[in-house]
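Data first, discussion second: the structure below is written as structure tokens.
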Amino acid sequence: MTLEERVARVRAALARESAAWGRPPRLIAVTKYSTVEQILPLENAGVTDIGENRVQAIRDKLPGLGGRFSVHLIGQLQSNKVKYIIRDVCMIHSLDHESLAREIDRQAQKANLRMPVLIQVNIAREPQKGGIEEENLFPFLRLCAGLPGLHVRGLMTMMPLGAEREIIEGYFARMRTLLDWCRQENMQGTDMTELSMGMSQDYDLAARHGATMVRVGSALFR
Ligand SMILES: *Cc1c(COP(=O)(O)O)cnc(C)c1O
């Protein structure tokens, strides 16, 4: 299968599964295992958004990408590296602690911008995973809402590797509920409409449960 065929296959599943939600989630192609030469053809396949999980990889690949893609930072981010990507990414998906929030705020203000961020929720309570526990979501959201360099746009989560599909569906449904609660709060400084969830193994289930963005790597690049 060609890259374009793989993209088309993912998009078809997203469209089918999201029918009840009115529109399909945005496809973010995760390019962390791909070279610039492998990434560029995504443009012809109609993909406009790519996701990387390391600051250094973004620094290395950006010059070769020539501004063709919106770059999302999807992986854990160390506070001391925020300054290296603050002008180059369109969204940070992995915000999960106060010191990181404050550093993004500081660097964003310095760069004279307001950084779109998602709060990462550790919905499966995996000790080794990033993300805040759901009972801490509202206090953390309130803190982030008060930082003028942040524009809190929604939530992000990652599933336990290899979990059963029914378990995963339960977590995705819970995330959608949490997002809806956050949106109903209508907190000033937030605009809680985005839900980033679903990877190669489960993007179809994420679309079924109201994801607005899916992050898909290996299903596109193998
Ligand atoms: C690698 C990665 C993905 C994509 O994983 P695939 O299984 O290759 O689709 C999505 N989100 C994050 C945060 C990742 O690090």
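When a ligand or atom number is given, it counts from 1 through the structure's own listing order. Computed over heavy atoms, backbone and side chain alike; hydrogens, waters and symmetry mates excluded.
Taking Glu169 as the reference, Arg208 meet the salt bridge (charged side-chain N to carboxylate O under 4.0 Å, His left out) condition, with sequence neighbours excluded.
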Ligand 1 N/O to protein N/O, distances under 3.5 Å:
| residue | atom | partner | partner atom | Å |
| --- | --- | --- | --- | --- |
| ligand 1 | 8 (O) | Ser218 | N | 2.8 |
| ligand 1 | 8 (O) | Ser218 | OG | 2.9 |
| ligand 1 | 9 (O) | Ser200 | N | 3.0 |
| ligand 1 | 9 (O) | Ser200 | OG | 2.5 |
| ligand 1 | 9 (O) | Gly217 | N | 2.7 |
| ligand 1 | 11 (N) | Arg215 | NE | 2.9 |
| ligand 1 | 15 (O) | Lys32 | NZ | 2.7 |

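A distance-only check finds a donor-acceptor pair linking the side chain of Thr212 to the backbone of Leu195 [under 3.5 Å].
Side chains of Arg68 and Thr48 form no contact here, defined as non-hydrogen atoms less than 4.5 Å apart.
Following chains of ILVMFWY side-chain contacts shorter than 4.5 Å, one cannot reach Tyr33 starting from Leu3, and the two form parts of different hydrophobic clusters.
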What side-chain donor-acceptor pairs closer than 3.5 Å can you find for residues 86-96, not counting sequence neighbours?
| residue | atom | partner | partner atom | Å |
| --- | --- | --- | --- | --- |
| Asp88 | OD2 | Arg59 | NH1 | 2.6 |
| His93 | ND1 | Ser196 | OG | 3.0 |
| His93 | NE2 | His72 | ND1 | 2.9 |
| Ser94 | OG | Gly75 | O | 2.6 |
| Asp96 | OD2 | Gly131 | N | 2.7 |

Can you list, pair by pair, the side-chain donor-acceptor contacts under 3.5 Å of residues 138-159, counting residues two or more places apart and other chains?
| residue | atom | partner | partner atom | Å |
| --- | --- | --- | --- | --- |
| Arg153 | NE | Asp191 | O | 3.1 |
| Arg153 | NH2 | Thr193 | OG1 | 2.6 |
| Thr157 | OG1 | Val121 | O | 2.8 |

